[in-house]
Protein chains: 2
Amino acid sequence: MADDDGRTFTIGEVAGAVGMSVHALRFYEREQLLVGPIERTASGRRRYRPVDVDWLRVCTRLRESGMPLTELKRFATLVREGPGNEIERLSLLDAQRERVDQQIRALEQAREIITWKVDVYEQHLRNDEAIGLWDPTLTTGAQP
Amino acid sequence: MADDDGRTFTIGEVAGAVGMSVHALRFYEREQLLVGPIERTASGRRRYRPVDVDWLRVCTRLRESGMPLTELKRFATLVREGPGNEIERLSLLDAQRERVDQQIRALEQAREIITWKVDVYEQHLRNDEAIGLWDPTLTTGAQP
DNA sequence: ACTTGACCTAGAGGACACTCTAGATTCTAG
DNA sequence: CTAGAATCTAGAGTGTCCTCTAGGTCAAGT
């Protein structure tokens, strides 16, 4: 078990490590988005274990992929409840992967339109013409 | 000029065509996110021209790609002001394309993590084992 | 010892992008 | 002609996801 060597981290260290604010970390805890309870020092300060940090890293990835907090919370709850609900965890993740694929497709479409417009402008600037071709609202092929 | 044939559309038709609500369309107009003024009938109802619809389609793409409304407004303003600011329009679009690329990369990373977790769960369900491998907080390679 | 900075809670506040309401008018189909 | 659907305005409200504030406690360096 090289996994849980007694290292712990302050909230500030964790914030730096996972790219969230300390405010957000406390918010996540309040909202029950974490799997285990975060331990405290005698004086009440949070001590994050490596496993907590790992979970937070997963959280940030899922959030980046557009998973809403409600669903992240659902997932956290399932994990907290322990073995027996793997099918639900799986379907939750699978649904999210589907959404990610859709997002990627949408972004690629948007990227094409942007690129097309960039090309139009670049060509315009190269040609330095003012022949009415440059109304960016013209997206249909019909040109005078 | 096969471009501006007198067809016009009601706000409801446009909403259906571009996938926005009528509320959103009025909101966009109020917020100066449109390029031209939308014409009105004698009784004050909006009449959208094809060019307006085209612009709205561009808007939805840019929004889908994560462009904030403030920037969309800036772009609309530049277009409204007419020729002469193409360089700024270009840099705005180019910056957005850069952000889209970053988003795609982030989504692909998230997708990998999700897929990996899905695989883990699927394998688990196939094997029907409970040997402590299934703590989803374990993201580091170390396994017993 | 003292100062500076990190941390604590509970709750308010803010940014964003709409979404909805109310009350009135107007268009359209039967 | 009339009922119902669509539209109008100005402004308030909503959901999401944090972010910040106030008023403290605690820890570490000098």
Side-chain angles (χ1 to χ4, degrees), chain A residues 8-34 37-49 52-53 55-76 96 99 103 106 110, chain B residues 7-34 37-49 52-53 55-77 96 99 103 106 110:
Chain A
T8 61
F9 308 94
T10 67
I11 194 170
E13 287 166 345
V14 174
V18 305
M20 298 172 66
S21 69
V22 294
H23 295 298
L25 286 174
R26 291 194 276 250
F27 169 76
Y28 270 47
E29 188 175 343
R30 252 190 293 176
E31 295 293 309
Q32 317 237 71
L33 297 165
L34 306 186
I38 302 299
E39 288 161 20
R40 302 294 183 109
T41 65
S43 65
R45 301 192 164 193
R46 292 173 179 80
R47 302 300 319 188
Y48 291 80
R49 292 162 302 145
D52 301 320
V53 178
W55 172 255
L56 280 165
R57 273 197 245 267
V58 173
C59 285
T60 57
R61 291 304 190 184
L62 291 175
R63 286 286 302 117
E64 275 172 23
S65 80
M67 182 180 279
L69 291 191
T70 53
E71 201 149 338
L72 188 52
K73 180 173 183 173
R74 177 90 194 110
F75 189 44
Q96 183 62 21
R99 260 170 281 154
Q103 276 185 81
Chain B
R7 277 170 303 164
T8 61
F9 308 95
T10 67
I11 194 170
E13 287 166 344
V14 174
V18 305
M20 299 172 67
S21 69
V22 294
H23 295 300
L25 287 173
R26 290 194 275 250
F27 168 76
Y28 269 47
E29 188 175 340
R30 250 191 294 176
E31 295 294 308
Q32 318 237 73
L33 296 166
L34 306 186
I38 303 298
E39 287 161 23
R40 302 296 183 107
T41 65
S43 67
R45 300 193 162 193
R46 292 172 179 81
R47 301 299 321 188
Y48 292 80
R49 292 162 301 145
D52 300 321
V53 178
W55 172 255
L56 280 165
R57 273 197 245 269
V58 173
C59 284
T60 57
R61 291 305 191 181
L62 291 174
R63 286 287 303 118
E64 274 172 25
S65 80
M67 181 181 278
L69 291 192
T70 52
E71 201 149 339
L72 188 50
K73 180 172 181 171
R74 177 91 194 108
F75 190 44
T77 301
Q96 183 61 19
R99 261 172 280 155
Q103 276 184 82

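So you know, we letter chains A, B, ... as the sequences are listed, proteins then strands, and number each from 1.
- Salt bridge annotation for B:R49-B:E39: present, with a cationic side-chain nitrogen under 4.0 angstrom from a carboxylate oxygen.
- Residue contacts shown for B:T10 are limited to sugar-phosphate atoms, with no base heavy atom under 4.0 Å away.
- When only modelled atom types and interatomic distance are considered, B:Q96 and B:S65 share a side-chain donor-acceptor pair under 3.5 Å.
- Remark: B:R74 does not engage B:E71 in a salt bridge, criterion side-chain N to carboxylate O under 4.0 Å.
- The base of C:dC27 has none of its N or O atoms less than 3.5 Å from a complementary donor or acceptor on the side chain of B:R45.
- The side chain of A:R26 has C:dC7 as its nearest neighbour among C:dT19, D:dC8, C:dC7.
- We find that CZ of B:R46 is positioned 9 Å from C1' of D:dT9, with the value rounded to whole Å.
- The base of C:dA10 has none of its N or O atoms less than 3.5 Å from a complementary donor or acceptor on the side chain of A:R30.
- Atom CD1 of A:I11 and atom C1' of D:dC18 are 14 Å apart (whole Å).
- As rounded to whole Å, 16 Å separates atom C1' of C:dC18 from atom CD of B:E29.
- Here the C1' atom of nucleotide D:dA10 and the NE2 atom of B:H23 are 14 Å apart, to the nearest Å.
- Using a 4.0 Å cut-off between a side-chain N of Lys or Arg and a carboxylate O of Asp or Glu, A:E64 and A:R61 qualify as a salt bridge.
- Within the 6.0 Å centre-distance limit, the rings of B:F75 and B:W55 are counted as a close aromatic pair.
- Straight-line distance from the CZ atom of A:F27 to the C1' atom of C:dG14: 13 Å, rounded to whole Å.
- B:Y28 has no side-chain polar atom (N or O) that falls below the 4.0 Å cut-off from OP1 or OP2 of C:dA17.
- Summarising the geometry, the separation between CZ on B:R40 and P on D:dT9 is reported as 4 Å, rounded to the nearest angstrom.
- Between the P atom of D:dT9 and the CG atom of B:L25 lies a distance of 12 Å, rounded to the nearest Å.
- Nucleic acid contact class of B:T70 (heavy atoms, under 4.0 Å, all strands): none.
- Both B:S43 and B:L69 sit near DNA chain C, but only B:L69 has its closest nucleotide nearer the 5' end.
- Each of B:A42 and B:R63 has a nearest nucleotide on DNA chain C; the 5'-most of these lies closest to B:R63.
- In this structure, A:E64 places its CD atom 11 Å from P of D:dC18, rounding to the nearest Å.
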